[in-house]
Amino acid sequence: MKLMHLSDLHLGKRVNGFSMIEDQKYILNQIIEIAEREQPSAVLIAGDVYDKPLPPEEAVRLFDSFISRLKRLDTKVIAISGNHDSAERLAFGSRIMRESGVYMAPVYDGNVEPVVLRDEFGDVNVWMLPFLKPVNVKLCFPEEADDIKTYTDALRVAVSHIWQQSGGEGQRTGDQNAGGEGQQAGDQNAGGEAAAAGGQQNNGSRNVLVTHQFVTGAARSDSEEKTVGGTDNVDADVFDGFDYVALGHIHGPQKIMRPEVRYCGTPLKYSFSEVSHEKSVTMVELGPKAEGQPAKADCHAFSNRPAKTAKAGGKTEVTEAGSQPDSVAETAASCVTITTIPLKPLRDMREIKGTFAVLTDPKFYGGAVAGKADALSDLRDCYLRVILTDEEDVPYAITKLRQIYPNIMILEYDNARTRASGEFGDGAGEEEKKPGEIFEEFFEKQNGKEMNEEQQKIIDDAIASVWEVRA
């Protein structure tokens with residue numbers, strides 16, 4: 001069975017004041033072309049469909065058009081909400097849409113029903129687990145609330161209940177709780193009828209999880225919403241037992257611990273920390289489950305295929321360690337082949353650096369247009385972060401530069417003054433610190449001395465109280 005893994009569309013997003021809707025239309029058209037070519041049984045969208053809980057009208061219309069076009073290809077759509085989405089708004093109409101093969105995850109209530117697909121090898125249970133905070137899980141399972149202190153605890157409880165449900169009597173996909181007849185979600189392209197959901201974890205069914213969380217070890221980007229101190233981390237071993245985990249939330253494509261626990265990344269670059277990313281669509285092919293046996297080396301592969309709209313021989317994306325993805329899974333028990341197909345944006349995102357005189361010299365930007373100086377694309381069409389190295393500010397620099405480069409998003413100076421004042425820099429590392437450590441540094445800078453034990457206790461208690469509410 002072939003699945004397409006997408007996430008973090010962030011429809012309606014504005015980057016540095018620039019609307020990305022035209023770029024998003026362009027890239028979704030490209031994804032439709034790939035779907036026409038690849039003919040996946042289902043498209044998995046792992047959260048952050050929209051950039052805001054209340055998305056603009058044009059973003060809603062764009063998503064409506066996208067899923068409608070996928071349905072015309074006889075492809076099922078399985079989507080969950082992310083931390084940027086409103087779970088309630090995204091789930092609106094989901095009971096009706098299920099009948100058409102469009103499955104939007106309902107608001108989490110502790111009961112997760114799989115979408116069940118079938119091919120010649122049997123059932124594929126697709127479990128939808130939207131973005132969760134500890135408080136969401138505590139409310140659903142109050143008897144286990146005392147054991148839920150972290151995001152890892154919360155996801156472990158949620159996943160354990162998924163496995164408990166999978167061991168129960170099967171239920172056909174569709175909204176039976178709403179009183180309607182269950183709608184079959186069989187993979188018609190594979191010639192199969194709908195299969196009953198459920199079954200033991202190792203009963204021959206393959207299990208796919210679609211979820212939206214920050215898994216420990218993932219490499220982050222500036223465009224992602226961060227929690228100070230890494231308190232939203234989820235340990236990867238929570239997802240042991242799933243044949244494939246379609247992750248959303250992190251914008252760089254990468255695997256976590258094993259190839260089958262994967263972030264597909266965003267289809268577009270949404271910050272200049274993503275300049276080096278090779279954006280792509282992830283295709284997943286599930287073979288037969290190796291019943292109770294460890295996976296064979298020749299069952300697991302990772303490859304890159306060029307798209308028609310991208311240059312042949314697209315690069316394999318950078319993983320969190322900057323290495324090539326592993327080709328053999330460590331623990332999965334089914335044949336899983338993961339392929340990435342490169343995406344080519346309407347406008348790339350790049351950085352240029354130099355003096356004002358150099359950047360406005362036709363030899364510089366003219367050479368880029370001619371394909372010289374290792375230019376990847378016409379700089380004048382790209383979204384740009386321009387870094388001027390002049391020691392003195394250039395009057396009306398942004399106005400003058402935009403006559404050549406109309407899509408400048410950011411203009412910065414990197415010189416002795418900005419470095420001395422700390423204006424130039426990426427501020428990296430703050431998200432790695434604990435909230436208390438950051439406050440201690442702030443207190444010391446403001447007061448010229450360290451906090452005493454009594455003050456530290458007051459702050460620790462306050463942070464613990466606030467985090468309990470926000471969790």
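All values derive from a computational prediction rather than experimental measurement. FYI, side chains are in, hydrogens and waters are out, and symmetry mates aren't considered; it's all heavy atoms of this structure.
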J.: Would Glu274 and Lys279 pass as an ion pair if we require N to O under 4.0 Å?
T.: yes
J.: Indicate yes or no for a side-chain donor-acceptor contact from Asp243 to the backbone of Val208 under 3.5 Å, with no hydrogens or angles considered.
T.: no
J.: Using a 3.5 Å distance criterion without hydrogens, assess whether the side chain of Ser41 forms a donor-acceptor pair with backbone atoms of Leu3.
T.: no
J.: For Arg385 and Asn16, which I'm curious about, is there any donor-acceptor pair between the side chains at under 3.5 Å?
T.: no
J.: Under the 3.5 angstrom rule, does the side chain of Asp461 hit a backbone N or O of Ile458 as a donor-acceptor pair?
T.: no
J.: Quick one: are Arg14 and Ser19 in side-chain contact, heavy atoms under 4.5 Å?
T.: yes
J.: In terms of heavy-atom contacts, does CG of Leu139 have more than 12 from other residues, nucleotides or ligands at under 6.0 Å?
T.: yes
J.: Salt bridge or not for Glu57 and Arg61, using N-O below 4.0 Å?
T.: yes
J.: Please round to the nearest 0.5 Å and tell me the distance separating atom OG1 of Thr337 and atom NZ of Lys2.
T.: 10.5 Å
J.: I want to check something: taking the side chain as every heavy atom from C-beta on, are Asp147 and Val157 in contact at a cut-off of under 4.5 Å?
T.: no
J.: Kindly determine whether Leu346 and Lys25 satisfy side-chain contact (heavy atoms from CB on, under 4.5 Å), including the steps that lead there.
T.: CA-CA 9 Å; Leu346 178 62; Lys25 288 178 182 176; over 6 Å; no
J.: Please confirm whether the backbone N or O of Leu11 pairs with a side-chain atom of Asp51, one donor and one acceptor, at under 3.5 Å?
T.: no
J.: Which heavy atom of Ser7 sits nearest a heavy atom of Pro267, and at what distance?
T.: O-CD, 3.6 Å
J.: Is there a donor-acceptor contact under 3.5 Å linking the side chains of Thr150 and Thr152?
T.: no
J.: Should His5 and Tyr244 be marked as a ring-ring contact (aromatic ring centres under 6.0 Å, His included) after you check the CA-CA gap, both sets of side-chain angles, and the distance that decides it?
T.: CA-CA 10 Å; His5 174 192; Tyr244 184 77; 5.8 Å; yes
J.: Classify the ring geometry of Tyr50 against Phe63: parallel below 30°, tilted from 30° to 60°, perpendicular beyond 60°.
T.: perpendicular
J.: Please walk me through it: do Asn83 and His212 pass side chain to side chain donor-acceptor pair (under 3.5 Å)?
T.: CA-CA 8 Å; Asn83 57 305; His212 188 95; 2.8 Å; yes
J.: Can you name the nearest heavy-atom pair linking Ala35 to Pro40, along with the distance?
T.: O-CD, 3.5 Å
J.: If you take all heavy atoms of Pro130 and Thr211, which pair is closest and at what distance?
T.: O-OG1, 4.4 Å
J.: Return the minimal non-hydrogen interatomic distance between Pro134 and Ile148, and the atom names on each side.
T.: CB-CG2, 3.9 Å
J.: Check the surroundings of atom CD in Gln455: do more than 12 heavy atoms from other residues, nucleotides or ligands lie under 6.0 Å from it?
T.: yes
J.: How far apart are the C-alpha atoms of Ser81 and Phe131, what are their side-chain angles, what is the distance that settles it, and do they pass the side-chain contact (heavy atoms from CB on, under 4.5 Å) test?
T.: CA-CA 6 Å; Ser81 57; Phe131 176 73; 5.5 Å; no
J.: Evaluate side-chain contact (heavy atoms from CB on, under 4.5 Å) for Leu62 paired with Ile21, printing each intermediate quantity in order.
T.: CA-CA 8 Å; Leu62 180 55; Ile21 201 74; 3.8 Å; yes
J.: Could you work out, with salt bridge (Lys or Arg N to Asp or Glu O under 4.0 Å) as the rule, every residue matching Asp237, not counting sequence neighbours?
T.: Arg156
J.: Side chains of Asp123 and Leu117, heavy atoms from C-beta outward: is any pair under 4.5 Å?
T.: no
J.: So, for Tyr263 and His251, is the gap between ring centers shorter than 6.0 Å?
T.: no
J.: Do the side-chain N and O atoms of Gln254 and His277 include a donor-acceptor pair separated by under 3.5 angstrom?
T.: no
J.: Does Asp153 have any salt bridge (Lys or Arg N to Asp or Glu O under 4.0 Å) partners at least two apart in sequence or in another chain, and if so, which?
T.: none
J.: How long is the straight-line distance from CG of Leu70 back to CD1 of Ile45, given to the nearest 0.5 Å?
T.: 7.0 Å
J.: Among Val245, Val126, Leu247, which residue satisfies the side chain to side chain contact (heavy atoms under 4.5 Å, CB included) criterion with Val210?
T.: Val126
J.: Taking the six-membered ring for Trp, are Phe141 and His161 ring centroids under 6.0 Å apart?
T.: yes
J.: Using a 4.5 Å cut-off on heavy atoms from C-beta on, say whether the side chain of Met104 contacts that of Met97.
T.: yes
J.: Using modelled atom types and a 3.5 Å cut-off, is there a donor and acceptor pairing between side-chain atoms of Glu278 and backbone atoms of Pro342?
T.: no
J.: Enter the distance from Asn207:CG to Phe242:CZ here, rounded to the nearest 0.5 Å.
T.: 6.5 Å
J.: Could you walk me through whether Met4 and Met283 satisfy the side-chain contact (heavy atoms from CB on, under 4.5 Å) test, starting with their C-alpha distance in whole Å, then the side-chain angles of each, then the deciding distance to 0.1 Å, before giving a yes or no?
T.: CA-CA 5 Å; Met4 177 184 284; Met283 299 301 304; 3.8 Å; yes
J.: Would you check if the side chain of Lys269 reaches a backbone N or O of Val275 as a donor-acceptor pair within less than 3.5 Å?
T.: yes
J.: Checking Asp119 side chain against Gly122 main chain: does a donor-acceptor pair fall under 3.5 Å?
T.: yes
J.: Would you say Ile67 and Val43 make side-chain contact, with heavy atoms under 4.5 Å?
T.: no
J.: Do you know which two heavy atoms are closest between Asp85 and Gly47, and how far apart they sit?
T.: OD2-C, 3.8 Å
J.: Rounded to the nearest 0.5 Å, what separates atom CD1 in Ile80 from atom CG in Leu132?
T.: 8.5 Å
J.: What is the distance from atom CZ of Arg347 to atom CG of Leu384, rounded to the nearest 0.5 Å?
T.: 11.5 Å
J.: Donor-acceptor pair, distance only, cut-off 3.5 Å: does the side chain of Gln30 make one with the backbone of Lys344?
T.: yes
J.: Does Val112 offer a backbone N or O that forms a donor-acceptor pair with the side chain of Gln165 under 3.5 Å?
T.: yes
J.: Just wondering, more than 12 heavy atoms not from Asp109 lying within 6.0 Å of its CG?
T.: yes
J.: Using a 4.5 Å cut-off on heavy atoms from C-beta on, say whether the side chain of Asp348 contacts that of Tyr383.
T.: no
J.: Please determine, by modelled atom types, if Ser100 and Lys71 share a side-chain donor-acceptor pair under 3.5 angstrom.
T.: no
J.: Which distance, rounded to the nearest 0.5 Å, do you find between the CE of Met451 and the CD of Gln456?
T.: 5.0 Å
J.: For a 4.5 angstrom cut-off between non-hydrogen side-chain atoms, does Ile250 reach Asp8?
T.: no
J.: Would you check if the side chain of Asn29 reaches a backbone N or O of Tyr26 as a donor-acceptor pair within less than 3.5 Å?
T.: no
J.: What heavy-atom pair brings His10 and Gln24 nearest, and what distance separates the two atoms?
T.: O-NE2, 2.7 Å
J.: Would you indicate whether the side-chain heavy atoms of Ile338 and Arg262 approach each other to under 4.5 Å?
T.: yes
